[in-house]
Amino acid sequence: MEKYDPKTIEQPLYRRWESEGYFAPSGDGEAFSIAIPPPNVTGTLHMGHAFQHSLVDAVIRRKRMQGYKTLWQMGTDHAGISTQMIVAEQLAKEGLKPSDLGRDAFIERAFQWKDESGGQISHQLRRMGASLHWATERFTLDEGLSAAVVEVFTRLFDQGLIYRGKRLVNWDPKLATSISDLEVISEEEQGSLWHIRYPVKDNPSASIVVATTRPETMLGDSAIAVHPEDSRYQHLVGQFVTLPLTDREIPIIADAYVDPDFGTGCVKITPAHDFNDYDVGQRHDLPLISMMNPDGTIADTAPRAYVGLDRFEARKKIVADLTSKDLLVSIDDHKLMVPRGEKSGVVIEPLLSDQWFVKVDSLAKPAISAVETGDIRFIPEQTENIYFAWMRELKDWCISRQQWWGHRIPAWYDDAGKVYVGRSLDEVRQKYSISSSVSLRQDDDVLDTWFSSALWTFSTLGWPEETDALETFHSTNLMVTGHDIISFWVSRMIMMTLKFMDEVPFEEVYIHGLVTDAEGQKMSKSKGNGLDPMDIIDGITAEALVAKRTQNLLQARQQAKIEKATRKEYPNGIQAYGTDALRFTFCSIATSARSMRFDLKRVEGYRNFCNKLWNAANFVAMSTTNRITHEQPLASVADQWISLQFQHTCNLVNQAMDTYRFDLATKAIYEFVWDEFCDWYLELCKPVLSGEQTDPRLKAGTQNCLLETLEGILRLTHPFMPFISEELWLNLPTTVREGPSLMLANYPQSQDIALDDAAPVQDIQWIKAVVGALRNIRGEQDIPPNKPIPILFSQGSIEDRERQSKYADLLVALTRPSSMVWLDNEEEAPAAAIQLVGTLKILVPLADLIDVDAELERLNKEIQKIINEIARIEGKLANQAFVSNAPTEIVSKEKAKVSDYQTAKTDLERQKLRIQSLR
RNA sequence: AGGAACGUAGCUCAGUUGGUUAGAGCAUCGCCUCGACAAGGCGAGGGUCGUCGGUUCGAAUCCGACCGUUCCUACCA
């Protein structure tokens with residue numbers, strides 16, 4: 001057999017699975033479905049995707065093997081803002097603006113970009129081994145999904161749940177569109193607090209001083225507010241101040257919103273440029289003065305001197321002008337939270353504009369109760385708090401975006417500006433009886449991408465058509481996503497699906513944590529600490545990695561820093577670890593924690609695990625090429641033990657997977673394969689297989705058990721490591737496997753077993769203890785493993801004697817003794833190194849092997865440990881309260897323990913004296 | 001400011017309803033080419049479970065306070 005090399009096995013297997021149609025739902029089983037959280041069609045696979053899809057594929061593959069009619073629905077979204085931004089940047093490189101092309105040509109250009117880059121994410125998902133149903137792949141802008149979007153919009157509008165209005169929204173001046181609250185990232189930055197004097201109109205010698213972090217907004221001020229009970233200013237309430245730099249006069253009003261203890265206790269009110277001021281303005285009926293254009297320049301509502309200036313240049317000029325008029329009192333350093341657009345990075349402005357909104361009240365109520373009643377279950381349960389917190393304070397959802405790439409809003413206006421909504425222009429004319437002679441103009445805006453994503457679970461299955469797929473696979477069973485997406489997507493899917501399907505989009509939501517780098521830092525391009533899953537699978541040289549991380553960076557200084565850090569962390573680049581190792585790693589770090597540090601060391605460990613499994617399979621193949629066939633094969637103690645242990649592992653894995661503890665599932669597999677199957681079972685098989693005298697029935701039994709256990713391991717492992725498991729499985733003799741692919745084999749089922757009480761388990765435990773005792777002596781004494789040692793047994797129970805004689809062959813194979821002898825009379829015992837297994841004493845005579853000092857040290861250590869334990873337990877038992885209150889079995893257990901320790905202590909101390917006398 | 005979580009070995013993390021000497025991987029140290037595997041085998045060292053208090057016969061586990069870290073929500077002009 002060849003050495004384990006993931007590169008050579010993985011992709012051919014995937015191609016075969018796909019061409020054979022194994023990813024399609026099949027069989028008559030109960031339906032099980034998951035909709036993929038749609039990746040950006042023009043995007044690439046990042047670590048978060050790779051992680052998430054590793055988990056989902058594990059779930060899907062297991063369900064498929066369990067006989068469910070399984071669908072993992074594939075699809076992508078159009079990622080409105082990001083894609084438009086990228087296409088605009090591409091145009092900019094050609095010296096073009098989107099407006100130079102016009103709407104239709106721009107959209108064509110975007111589709112062109114989708115076609116160029118669109119294959120990448122699909123290709124990468126295939127590399128991950130994702131068993132997605134490609135044949136029914138959907139895209140949010142395709143015909144069917146677009147129809148669903150129009151349908152939903154129209155129905156909501158007709159029911160009065162969508163409205164249009166002029167509102168203050170988060171505005172991105174660079175992208176010139178509204179954006180969601182959730183796409184605004186506020187972070188603390190160093191800024192200034194400008195104190196400005198506003199002269200009182202009727203008493204120009206008097207003035208009010210206000211503080212602001214955005215002095216340019218003074219051009220839009222409509223009032224000055226003070227706290228109603230602030231005695232300092234009460235006499236001024238109702239008077240007017242002269243707004244500097246303008247010819248306007250604005251009132252001084254009283255409003256409890258003002259914190260009298262902050263700054264001067266006076267606040268300038270700019271209702272058209274601040275959310276709080278907007279509310280104050282509404283209360284006091286103040287005018288809304290919008291002084292900024294959509295591109296962030298000063299609008300012509302402002303004094304001519306500032307019109308057309310960028311907002312930050314205007315700020316400078318205003319500060320300068322105020323200074324020259326002696327109206328600037330002071331400038332203080334000030335830390336403030338600056339809101340920036342997640343995509344564009346520029347400072348977001350609250351801006352007054354016409355937008356479309358979804359009225360969420362009536363949609364939110366059933367969505368909240370669906371989770372309260374348990375129709376939808378969040379895992380881990382705590383994460384439902386994120387959902388509730390968001391849903392209970394839900395504001396109307398602004399769904400319009402001033403973009404071209406997306407679903408154009410199905411609304412038309414006549415010349416008077418009256419709005420008509422319908423599925424098409426024709427329908428609108430018919431519905432509202434508008435003759436074709438009346439000109440209608442469609443709304444220019446498109447819908448928020450999340451609007452179409454909210455329909456995802458049912459639109460991808462064919463809605464509004466009543467399809468079989470919809471009937472069979474909706475509600476979907478599970479949604480797997482990150483906590484950051486709960487508000488964006490999960491909540492909106494629940495609202496929309498309940499509204500239009502009258503059922504939940506999914507029954508369970510598994511919320512996973514965020515994958516960070518080994519230092520716990522969020523992976524990001526600007527930090528240059530990101531990893532590309534493909535680089536972990538295929539490997540990458542240090543040069544290529546540095547190049548990749550430093551290209552397209554904005555700051556050159558960062559480039560040098562990132563290059564240095566990268567070369568330090570990956571001096572030799574990254575090795576090729578293969579998909580299976582990566583997937584296994586993702587599953588094993590998927591604990592219930594909110595964030596998971598990703599460390600390549602873990603991947604390396606699991607790549608080694610793949611190698612271990614590969615070599616074990618190799619050994620099984622070698623050991624079974626010459627099959628001994630016997631009609632009545634005998635199962636050895638090891639065979640019986642490993643079968644029980646395997647069943648126990650299956651139980652653990654199934655239980656873990658049923659509760660979405662991917663970490664515990666992979667841990668159970670890893671420990672069984674490595675620590676039990678490889679380290680003990682294969683070793684215990686060797687004497688049976690190589691023994692010339694071995695009973696052929698036993699040999700046949702062992703060969704059967706080797707093959708069956710390996711086959712079971714592969715089925716158990718497949719959801720986590722699909723490639724290596726399939727490859728090894730296909731190499732097994734057809735007599736021990738069923739079907740053309742491991743993908744279609746049965747998943748091992750849980751089964752109740754009494755593991756600890758089973759005789760084979762206890763026998764193997766005894767063997768492990770005896771072998772362990774001897775290995776400890778060898779280890780501590782630095783006796784080479786191939787050097788035979790004489791072994792003496794003494795004391796012990798009848799059972800010890802029986803086992804020793806019954807399993808002598810196994811003990812010989814595992815401990816390499818020169819002799820194994822029972823001492824009838826303990827007095828005969830020579831000076832020796834000693835280990836205790838229960839009451840059984842295991843001795844290795846000193847002869848020339850044993851270092852007296854080393855042995856004494858070992859004994860002292862052991863005795864001290866026991867003394868500590870005895871003291872601890874005796875203390876416990878001396879406590880009357882413990883003895884009378886604790887359950888009797890606990891008390892008697894402690895009593896038994898202390899007496900065992902006493903015996904052991906006596907034995908070891910006697911031994912110590914003996915050794916000491918040799919010095 | 002409000003809400004939530006977390007703090008266990010040098011590092012990354014498990015630890016179920018409170019009850020054997022608190023576990024694993026990586027790292028460290030010692031021995032080893034013994035016929036699956038050096039991407040390996042065997043052995044060993046390493047923890048007052050953040051601190052203090054409380055409940056309990058008994059606390060890593062339950063409760064409270066404090067210290068530290070992180071996230072979320074809101075925001076002071």
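Each chain gets a letter, A, B and so on, in the order its sequence line appears, and its residues count up from 1. Computed from heavy atoms alone, side chains included, the values below leave out hydrogens, waters and symmetry copies.
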### Task
Select base, sugar-phosphate, or nothing to describe what A:His273 touches, counting heavy atoms under 4.0 Å on all strands.
nothing
### Task
Using a heavy-atom cut-off of under 4.0 Å over every strand shown, decide if A:Cys678 touches base, sugar-phosphate, or nothing.
base
### Message
Whether A:Lys395 and A:Asp181 form a salt bridge (side-chain N of Lys/Arg under 4.0 Å from carboxylate O of Asp/Glu) is what I want to check.
### Response
yes
## Note on the structure
Sorted by chain and residue number, the side-chain hydrogen bond (donor to acceptor under 3.5 Å, both in side chains) partners of A:Thr516 (sequence neighbours excluded) come out as none
### A:Lys7/A:Asp538 ion pair, N-O < 4.0 Å
no
#### Entry: RNA chain B stem ranges, 3 or more consecutive Watson-Crick or G-U pairs under 3.5 angstrom
B:1-7 with B:67-73, B:10-13 with B:23-26, B:28-32 with B:40-44, B:50-54 with B:62-66
### Message
I want to verify a distance call: between B:C34, B:A39, B:C75, whose nearest atom is closest to the A:Lys3 side chain?
### Response
B:A39
### Query
Nearest-Å distance, CD1 (A:Ile574) to C1' (B:A39)?
17 Å
### Message
For residues 774-785 of chain A, which residue pairs pass the salt bridge (Lys or Arg N to Asp or Glu O under 4.0 Å) check, not counting sequence neighbours?
### Response
A:Glu780-A:Lys861
### Task
Apply ring pair (Phe, Tyr, Trp, His ring centres under 6.0 Å) to A:His512 and list each qualifying residue two or more places apart in sequence or on a separate chain.
A:Phe51
### Query
How is A:Asp679 classified with respect to the nucleic acid when contacts are heavy atoms under 4.0 Å: base, sugar-phosphate, or nothing?
sugar-phosphate
### Non-neighbouring partners of A:Lys568 that pass salt bridge (Lys or Arg N to Asp or Glu O under 4.0 Å), sequence neighbours left out
none
### Query
In whole Å, what separates the P atom of B:G10 from that of B:G46?
11 Å
### Query
Which residue pairs satisfy the salt bridge (Lys or Arg N to Asp or Glu O under 4.0 Å) criterion with at least one member in residues 185-194 of chain A, sequence neighbours excluded?
A:Glu189-A:Arg340
### Message
Show every side chain to side chain donor-acceptor pair (under 3.5 Å) that has at least one partner inside residues 214-224 of chain A, sequence neighbours left out.
### Response
A:Tyr198-A:Asp221, A:Arg214-A:Glu349, A:Glu216-A:Arg315, A:Thr217-A:Lys268, A:Asp221-A:Lys268, A:Asp221-A:Thr270
### Message
Applying a 4.0 Å non-hydrogen cut-off, can you work out what A:Asp663 is touching in the nucleic acid: base, sugar-phosphate, or nothing?
### Response
nothing
### Query
Between A:Lys335 and A:Asn608, which has a closest nucleotide on RNA chain B that is more 5'?
A:Asn608
### Task
Name the nucleic acid region contacted by A:Ala616, choosing base, sugar-phosphate or nothing; use a 4.0 angstrom heavy-atom cut-off, strictly under.
base
### Query
In the 5'-to-3' direction, what one-character label does each nucleotide of nucleotides 16-25 of chain B receive under the scheme B = base within less than 4.0 Å of a protein heavy atom, S = sugar-phosphate only, - = no such atom?
---BSB----
### Task
Please identify each residue that fulfils salt bridge (Lys or Arg N to Asp or Glu O under 4.0 Å) with A:Lys893, with sequence neighbours left out.
none
Would you list the atom pairs, donor with acceptor, under 3.5 Å between side chains in residues 597-605 of chain A and any protein atom, with sequence neighbours excluded?
{"residue": "A:Asp599", "atom": "OD1", "partner": "A:Lys601", "partner atom": "N", "Å": "3.0"}
{"residue": "A:Arg602", "atom": "NH2", "partner": "A:Tyr606", "partner atom": "OH", "Å": "3.3"}

### Side-chain N,O (A:Trp674) to OP1/OP2 (B:G41) below 4.0 Å
yes
## Note on the structure
So the salt bridge (Lys or Arg N to Asp or Glu O under 4.0 Å) pairs with at least one residue in residues 863-883 of chain A (sequence neighbours excluded) are A:Glu869-A:Arg872, A:Lys876-A:Glu894
## Note on the structure
Readout for nucleotides 1-9 of chain B: B = base within 4.0 Å of protein heavy atom, S = sugar-phosphate only, - = neither; 5' to 3' it is ----B----
### Task
With heavy atoms under 4.0 Å as the rule, sort A:Asn879 into base, sugar-phosphate or nothing.
sugar-phosphate
### Task
Tell me which of A:Phe609 and A:Thr591 sits closer to the 5' end of RNA chain B, going by the nucleotide each one is nearest to.
A:Thr591
### Query
How close or far is atom C1' of B:G41 from atom CG of A:Leu682, stated in whole angstroms?
13 Å
